[in-house]
Amino acid sequence: MRSLLLLALYLFSSCGPSSAVTPDPDPAPDPSAKSYARVYTTSVAGARMEPSQLVLGKPEDVNFYKVSLDGTSYQTVDGFGLAITQASCYNLMLMDAADRTAFLEEIFSREKGIGSSLIRVCIGGSDFSMDEFTWCDTPGMENFSVHPSDEQWVFPILDQIYRINPDVKIIGSPWSCPVWMKMGENGSLPYSKWTGGRLNPLHYQDYAQYFVKWIREMESRGYHIQAVTLQNEPLNRGNSMSLYMPWADQLSFIKEAVGPAFAKAGIKAKILLFDHNYNYDGMSDQADYPLRIYADADASAYVAGSAWHNYGGNVSVLDKIHNSAPDKEIYFTEASIGTWNYSFDGCLINDFRDIFMGTLSRFGKGVTLWNLMLDSEHKPYRPGGCGTCWGAVTLNSKDHSLVRNSHYYNVAQCSKVLQPGAVRLGTSGYSSTGLTYLWFRNPDGSQAVLFLNESSEQLMVNLVSGKVSVPCKIPAKSIQSVLWTE
């Protein structure tokens with residue numbers, strides 16, 4: 001009991017500066033005991049992944065409003081996590097080695113931490129790298145090689161992550177093709193800028209081989225590439241590293257080059273379209289970007305699904321995407337917090353509603369957020385990149401203490417109870433304004449429910465399935481995750 005009280009006090013205070021070493025958040029009693037459900041709560045009132053346990057009752061023991069399964073099942077889930085950018089790796093490498101290991105265990109270990117299982121990695125540089133670069137900056141694919149910057153910063157961190165959790169999956173995204181593969185938007189040559197430009201069709205085959213070589217190199221190092229997107233924010237011409245890739249260009253590149261190249265090379269990594277905002281950055285001729293590519297049967301055959309950001313528009317766009325192409329997958333790959341929008345309370349609730357519950361309830365398979373770690377001055381970032389972004393975790397520039405921000409807890413609440421391969425299940429029963437919930441079955445047979453209570457009152461719900469009833473009390477303005485085995 002003393003350990004449990006100390007742990008609760010620690011997690012309660014973790015919204016402020018804290019040690020990099022975080023103990024296992026599980027309650028002191030045996031968490032595998034089948035007579036208990038494990039519960040984790042983060043709230044506006046101050047709970048931070050606060051652990052507790054619930055005694056399981058019999059199905060007829062229903063004292064609160066009832067929620068049960070309706071017999072339907074939906075998508076499987078890959079997982080949740082954060083972007084392992086060079087900036088994140090740079091900051092992680094500033095930490096004491098023991099603290100860094102403990103923190104990475106906190107993020108990725110299923111036994112000692114939250115068990116994050118999905119991350120995003122940049123293919124080359126980005127606005128949060130130490131420089132602008134790709135893995136083939138000298139013209140000619142014979143010059144493809146691992147960039148020293150990734151060798152120095154990214155690979156040591158990925159190696160640690162995979163030692164902790166060898167089942168982590170990666171979504172890779174490029175911010176730009178090599179400059180020598182670019183042309184001006186009107187086809188003009190030469191084009192020598194990292195910012196903007198288009199992919200020259202004369203280099204479609206080269207760039208397809210670039211993806212093949214990148215995936216093979218990463219997988220040779222033991223990193224599991226689950227999927228790649230072909231361009232981060234293809235409608236954003238202005239990022240420090242960027243490439244304008246309208247839907248017609250992406251369709252042609254898939255159909256003529258990268259799709260056949262993957263098939264010929266036996267690449268198993270999925271191809272995800274788009275990787276940009278719900279509102280298509282207001283470009284009417286780019287509306288329904290993924291659907292336009294799906295309409296081409298030859299291109300669509302190479303594509304697993306689409307990826308999304310939330311810097312414009314609303315998650316409800318995914319209803320149309322799924323309904324129009326129900327066989328295609330959906331991932332959410334980027335959102336950020338920063339000085340323009342951040343309050344812990346507001347971002348905790350709003351992002352969990354819109355990104356996590358919003359994506360999962362629309363057949364989403366996973367969520368990654370942007371970045372894992374930045375310092376207290378928002379650094380490092382590239383000129384022209386985001387100088388006002390916060391990471392999910394902030395490293396104090398002076399003493400290297402940590403502050404866990406809202407995105408950390410959003411990811412933690414899902415990762416802690418949902419295993420890779422969890423299946424979303426249909427429910428029936430109680431509903432209330434401000435209450436959202438999603439129910440899942442894990443591969444090991446355990447069951448998990450994610451609750452979001454946006455109301456100002458505690459809500460009480462009985463989860464009833466099979467042989468048990470789980471009496472849940474969800475505090476006002478909170479996220480609660482419940483895990484049990486019948």
Side-chain angles (χ1 to χ4, degrees), residues 120-126 133-147 150 170-185 187 189 191 194 196-221 223-235 241-276 289-290 292-307 328-329 331 333:
R120 190 168 180 232
V121 171
C122 306
I123 302 177
S126 73
F133 68 91
T134 71
W135 283 15
C136 194
D137 289 333
T138 301
M141 285 307 298
E142 68 274 12
N143 296 306
F144 180 95
S145 64
V146 175
H147 195 277
D150 279 336
I170 291 173
I171 297 176
S173 300
W175 265 239
S176 174
C177 65
V179 170
W180 58 271
M181 297 184 188
K182 288 187 176 187
M183 64 180 186
E185 286 195 29
L189 291 171
Y191 191 91
W194 284 113
R198 287 169 69 180
L199 179 61
N200 187 336
L202 295 177
H203 292 298
Y204 277 5
Q205 300 302 326
D206 290 328
Y207 200 33
Q209 289 304 311
Y210 180 99
F211 278 95
V212 169
K213 288 176 178 288
W214 184 85
I215 291 168
R216 282 178 167 168
E217 176 64 32
M218 295 292 281
E219 291 185 338
S220 75
R221 294 171 179 264
Y223 312 145
H224 179 166
I225 308 303
Q226 177 75 354
V228 294
T229 68
L230 301 179
Q231 175 57 40
N232 172 70
E233 299 187 349
L235 305 182
M241 286 184 70
S242 51
L243 179 76
Y244 180 59
M245 186 181 278
W247 69 263
D249 286 14
Q250 192 158 113
L251 187 156
S252 297
F253 179 48
I254 293 167
K255 187 175 179 178
E256 298 173 22
V258 74
F262 276 32
K264 183 177 180 180
I267 297 296
K268 302 301 183 184
K270 302 174 183 179
I271 295 174
L272 301 178
L273 303 176
F274 194 45
D275 205 13
H276 207 170
Y289 188 119
R292 293 173 185 253
I293 299 176
Y294 295 155
D296 186 296
D298 292 335
S300 182
Y302 296 116
V303 174
S306 57
K328 298 299 187 183
E329 298 174 351
Y331 290 81
T333 48

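No hydrogens, no waters, no symmetry mates; every other heavy atom, side chains included, goes into these values. The residues of the chain are indexed from 1 along the displayed sequence.
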Specify the closest pair of heavy atoms between [X] and [Y], including all atoms of both residues, with the distance to one decimal.
| X | Y | result |
| --- | --- | --- |
| A263 | Y302 | CB-CE2, 4.4 Å |
| R198 | Y244 | CG-O, 3.3 Å |
| C177 | L243 | SG-CD1, 3.9 Å |
| D275 | P234 | O-CD, 3.9 Å |
| A261 | Q209 | CB-NE2, 3.9 Å |

Checklist entry - Could you walk me through whether R216 and I267 pass the side-chain contact (heavy atoms from CB on, under 4.5 Å) check? => result CA-CA 8 Å; R216 282 178 167 168; I267 297 296; 4.2 Å; yes
Next on the checklist: I need the C136 SG to H147 NE2 distance, nearest 0.5 Å.
Outcome noted: 11.5 Å
Checklist entry - H276 and Y289: side-chain contact (heavy atoms from CB on, under 4.5 Å), yes or no, with the steps? => result CA-CA 10 Å; H276 207 170; Y289 188 119; over 6 Å; no
Looking at [Y], is its backbone amide N or carbonyl O close enough to the side chain of [X] to form a donor-acceptor pair, meaning the two atoms are under 3.5 Å apart?
| X | Y | result |
| --- | --- | --- |
| K270 | I171 | no |
| S300 | D296 | no |
| Q205 | E256 | yes |

Next on the checklist: Using the side chain to side chain contact (heavy atoms under 4.5 Å, CB included) definition, which of the options D298, V303, I293 pairs with L251?
Outcome noted: I293
Next on the checklist: Between W194 and W175, is the side-chain contact (heavy atoms from CB on, under 4.5 Å) condition met? List the steps.
Outcome noted: CA-CA 9 Å; W194 284 113; W175 265 239; over 6 Å; no
Checklist entry - Can you find a heavy atom in the side chain of R120 that is under 4.5 Å from one in the side chain of S173? => result yes
Checklist entry - When you check the side-chain N and O atoms of D137 and T134, is any donor under 3.5 Å from an acceptor? => result yes
Item to check | Test side-chain contact (heavy atoms from CB on, under 4.5 Å) applied to F274 and T229, step by step | outcome: CA-CA 7 Å; F274 194 45; T229 68; over 6 Å; no
Next on the checklist: Which label fits F253 and Y207: parallel for a plane angle under 30°, tilted from 30 to 60°, or perpendicular past 60°?
Outcome noted: parallel
Next on the checklist: My understanding is that only one of W180, F144, W135 makes a ring-ring contact (aromatic ring centres under 6.0 Å, His included) with Y210; could you say which?
Outcome noted: F144
